[in-house]
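All values below were derived from every heavy atom in this structure, side-chain atoms included, with hydrogens, water molecules and symmetry-related copies excluded. Start at 1 with the first residue, then count along the sequence.
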Amino acid sequence: MGGWYEDLIEETEGEFDSLIVTVPCCETAVALDTLKFDWPSGFARFEIAVANPARAEYEFTPDEIGAVEAILGHPLRQVVSHI
């Protein structure tokens, strides 16, 4: 998952007075026990979405991800979502 969740578990030693936490992606308070994880999953501050791609493969290739990472100057994680 990502640093904030791992940090949260380490800081609290996995014990919480309240399950309500503020998630970094949207600064929204949510209950940890209501989050649903479908691996790989991630929390994001933004998304790059491609609707109805005109090719058979819907995932970005490693080279495509590398090109976008170079443009953004930040590593990315691809999480495929089906709505």
* To do: Could you tell me the separation between the CD1 atom of Ile20 and the OG1 atom of Thr34, rounded to the nearest 0.5 Å?
  => 7.0 Å
* Asked: Glu69 and Leu76: which non-hydrogen atoms are nearest, and at how many Å?
  -> OE2-N, 2.8 Å
* Can you check whether Val68 reaches Phe60 side chain to side chain, under 4.5 Å on heavy atoms? -> no
* Asked: Considering the options Leu8, Val23, Ile9, which one meets the side chain to side chain contact (heavy atoms under 4.5 Å, CB included) requirement together with Leu32?
  -> Leu8
